[in-house]
Amino acid sequence: MAVELARIRNIGIIAHIDAGKTTLSERILFYTGKEHRMGEVHEGTAKMDYLPEEQARGITITSAATTCYWKDHRINLIDTPGHVDFTAEVERSLRVLDGAVGVFCGVAGVEAQSETVWRQADRYRVPRLAFINKLDRIGADFDRVVEHIRKRLGAKPLPLVMPMGREKDLFGIVDLVRMQAITFRDDDQGSTPIVGPIPAELVEEATERRALLIEVLAEEVDAIADKYLADQALTETEIDAGIRAATLAFKIVPVLAGSALKNKGVQHLLDAVLRYLPSPTEVPPTVGQVPGKDKSVTRKPDPKEPLTALVFKTLHDSHGEIAFVRIYSGTLRPGEALFNPRVEKQERIGRLYLMHADEREAIEAAGPGEIVGAIGLKFTATGDTICPRHDPIALEGMRFPETVIDMSIEPKTSRDKDVLEQSLGILAKDDPTFRWSLDQETGQTIISGMGELHLEILKNRLLSDFHVEARVGQPRVAYKQTIAAIGVGEAEFKKTIAGKNLYARVRLRVEPAPDAAKFEFKSHVEQTALPKPFFAAIEGGARSEAISGLGLGYSVIRVRVALEDATAIDGESNETAFSVAAEDAFEAAMQAGGVQLLEPIMRFEIRTPSEYMKNIIGDLNTRRSEVSELVADEEPVLLRGKMPLSETFGYSTQIRSLSQGRASFAMEPSDYAVVPPEVSKRLLI
């Protein structure tokens, strides 16, 4: 069904784990007619959780895309994971979305991963709505969660609804813009909302809340302020226009409410998506760089413009590899010659699909604002741009966090070795937060990820999906190294191999860079001093030594490396000689500056009944943790702080024991910190 660009909405559902994202997505699919029965997460029947691991665990692991239609609008929807180990799925989804719905549990409010995904949306400038879910649960409090959004997220929430009834007695919502009551029937699964007058006992409260809505809106929108100050009545259309303008300007976050599981409030949320979130025509034009030139270029969402598309995800399944593509300008068609500027390779798409979780519908073309699946891309990975060769553009890619946990894996037989390496390569291409390498000392293959669950899922995929026969070790912390102070190292490679003299001399300067990417390299040597391939060999040698970890196996991060000097001898210097010299010079510079061992630090959030708080704090004190926030004036008590990842192994069992199973916790990577000397000595023995 073709729709004009102004009637397209590209949205994501983002939240902390178990806030109800997938249940909300399933209701959206049902009410829009995309699915004819409601899938349930707890039954393993949710359409958007189609992987066996997702169905077995009842959590979302990979983002799933679909397309549905609501009131003559097309909604391209991505349901994202809420578990911290899979935050990269949220990152790459938000990179290509125009709007998002943040889902919050009506009981727990803003949780740890809620803040993480909110910050990700801030970074990509994605306008949002908030949906306070699970208001039918015991302990749910709409106003308390609104206050959480204000205080913990630094947002300006604007409630557009008022719940009718509390907890199990929730029976509907009041639309404060239209001053209507909306209730839902159980006998038709909430399919036909009943719109009527507000119950008499709620009119006064609704009127007060509507007046506050307009007052807050008047603070942000001049057109509303003019009428408000003149004491003139505002129409629904004017209020909607004001809410939309303030939302797109990131001045407010409209707040909706309901219970997705009990089929309440979902259609009203869909209406708000159409009213207040942007179409592709209302987001800033796409800006990229001309490859190889210090020049930017702007592309508008016009099918007649040159093609500009971003691959934000690749996925290998039983049908082969499929790339998920967001189109910003031009038209994408199967069979046309394309160009990937990162690898400077020509590409050609075999087929295009509209995606519905794991189902595909073949299409002949896709234009601006569309999110589609494509097969046939051989060299393209996550974050790559595809465009015409004659009119190239490179869009900004994505940055993903460092891995924090390792695990060894060994093929059971030599025959399994090639299968293992091929499978690891596929997984690493699909998942930017998965790494693998070979430990030169032990000969073991080391896989690295974002957490124990992340590695467990990857391990299960290797064993079941790729049929790799392998022995797997226990998870261990992925320590890193950095340099304490500026160090300079020089190395000379001089050797005779097969009667031929080889020579290279390299001097490198390495300095700490806490605010930089993991490894930055630049040259202070004139480009005419050496052949171009030698510069690449020097950088490659230094990078290789940083990754291998100076013989300790812990890769080096947060350093800036500068080539200070280099000497070549005609007929005796080659790339290999310079690569080896650079490796030795880098190690010498690191030793001169002083090597520091770093450990990953986790940010934690614990909710516990107050009677167990003392026990839990006492245990935290034994784990080198720092409690930065204690909210004891609400039940359950909230504890926030940081602790080293090495102290978190087995914590889920411990906290259950300390609280008789009543406390809950969540963790996410925060940063790296220098390992204390007494701990460092144990690790380096």
Asker: Ignoring hydrogens, what is the shortest heavy-atom contact between Gly451 and Val404? Give both atom names and the distance.
Answerer: N-CG2, 4.4 Å
Asker: Please determine whether a side-chain nitrogen of the Lys or Arg among Glu605 and Arg607 lies less than 4.0 Å from a carboxylate oxygen of the Asp or Glu.
Answerer: yes
Asker: Please name all residues satisfying ring-ring contact (aromatic ring centres under 6.0 Å, His included) with Phe521, sequence neighbours left out, ordered by chain then number.
Answerer: none
Asker: Can you find a side-chain donor-acceptor pair between Tyr672 and Glu402 that sits under 3.5 Å?
Answerer: no
Asker: With no hydrogens and no angle check, do the side chains of Ser408 and Gln474 hold a donor and an acceptor under 3.5 Å apart?
Answerer: no
Asker: Does Arg326 count as lying over the ring of Tyr328, i.e. NZ or CZ under 6.0 Å from the six-ring centre, within 45 degrees of the axis?
Answerer: yes
Asker: Between Phe131 and Phe104, is the ring centre distance below 6.0 Å?
Answerer: no
Asker: Is it true that Asp416 and Lys412 have a side-chain N and a carboxylate O under 4.0 angstrom from each other?
Answerer: no
Asker: Pairs of donor and acceptor atoms involving the side chains of residues 11-23, under 3.5 Å and at least two apart or interchain, shall be tabulated with distances.
Answerer:
residue : atom : partner : partner atom : Å
His16   : ND1  : Gln113  : N            : 3.0
Thr22   : OG1  : Thr60   : OG1          : 2.7
Thr22   : OG1  : Asp79   : OD2          : 2.8

Asker: Show your reasoning for whether side-chain hydrogen bond (donor to acceptor under 3.5 Å, both in side chains) applies to Thr380 and Glu347.
Answerer: CA-CA 8 Å; Thr380 300; Glu347 291 276 29; 2.8 Å; yes
Asker: Which heavy atom of Met398 sits nearest to which heavy atom of Leu310, and what is that distance?
Answerer: CE-CD2, 4.5 Å
Asker: Do you see a donor-acceptor pair shorter than 3.5 Å between the side chains of His454 and Asp431?
Answerer: yes
Asker: Could you please spell out the steps behind the side-chain contact (heavy atoms from CB on, under 4.5 Å) verdict for Arg623 and Gln654?
Answerer: CA-CA 12 Å; Arg623 295 175 181 268; Gln654 178 70 356; 3.4 Å; yes
Asker: Please list every donor-acceptor pair under 3.5 Å in which a side-chain atom of residues 370-379 meets a protein atom from a residue at least two apart or in another chain.
Answerer:
residue : atom : partner : partner atom : Å
Glu370  : OE1  : Arg74   : NH1          : 3.2
Glu370  : OE1  : Arg74   : NH2          : 3.2
Glu370  : OE2  : Gly367  : N            : 2.9

Asker: I would like to know whether Leu455 and Ile447 meet side-chain contact (heavy atoms from CB on, under 4.5 Å); could you show each step before the answer?
Answerer: CA-CA 8 Å; Leu455 287 187; Ile447 60 176; 4.2 Å; yes
Asker: Run the side-chain contact (heavy atoms from CB on, under 4.5 Å) check on Leu427 and Trp436 step by step: do they pass?
Answerer: CA-CA 10 Å; Leu427 289 176; Trp436 69 281; over 6 Å; no
Asker: Do you know the tightest heavy-atom contact between Leu77 and Ser25?
Answerer: CD2-OG, 4.0 Å
Asker: As a quick check of understanding, evaluate side-chain contact (heavy atoms from CB on, under 4.5 Å) for Gln346 and Asn340, giving each step before the final call.
Answerer: CA-CA 6 Å; Gln346 182 168 302; Asn340 180 331; over 6 Å; no
Asker: Should the pair Lys480 and Tyr554 be classed as cation-pi, given the thresholds of under 6.0 Å to the six-membered ring centre and 45° from the axis?
Answerer: no
Asker: Can you list the steps and then say if Arg123 with Glu91 is a salt bridge (Lys or Arg N to Asp or Glu O under 4.0 Å)?
Answerer: CA-CA 10 Å; Arg123 188 161 61 250; Glu91 183 84 16; 2.6 Å; yes
Asker: Does a donor on one side chain sit under 3.5 Å from an acceptor on the other, for Arg92 and Thr382?
Answerer: yes
Asker: Determine the minimum heavy-atom distance between Val325 and Ala309, stating which atoms define it.
Answerer: CG1-CB, 3.5 Å
Asker: Counting only heavy atoms not in Lys417, do more than 12 sit closer than 6.0 Å to its NZ atom?
Answerer: no
Asker: Are Arg152 and Glu111 close enough for a salt bridge, meaning some N to O gap below 4.0 Å?
Answerer: no
Asker: Crowded around Glu626 CD? As in, over 12 foreign heavy atoms under 6.0 Å?
Answerer: no
Asker: Report the distance from atom CZ of Arg360 to atom CE of Met355, rounding to the nearest 0.5 Å.
Answerer: 5.0 Å
Asker: What closest approach, in Å, do Met602 and Pro669 show between heavy atoms, and which atom pair accounts for it?
Answerer: CE-N, 3.6 Å
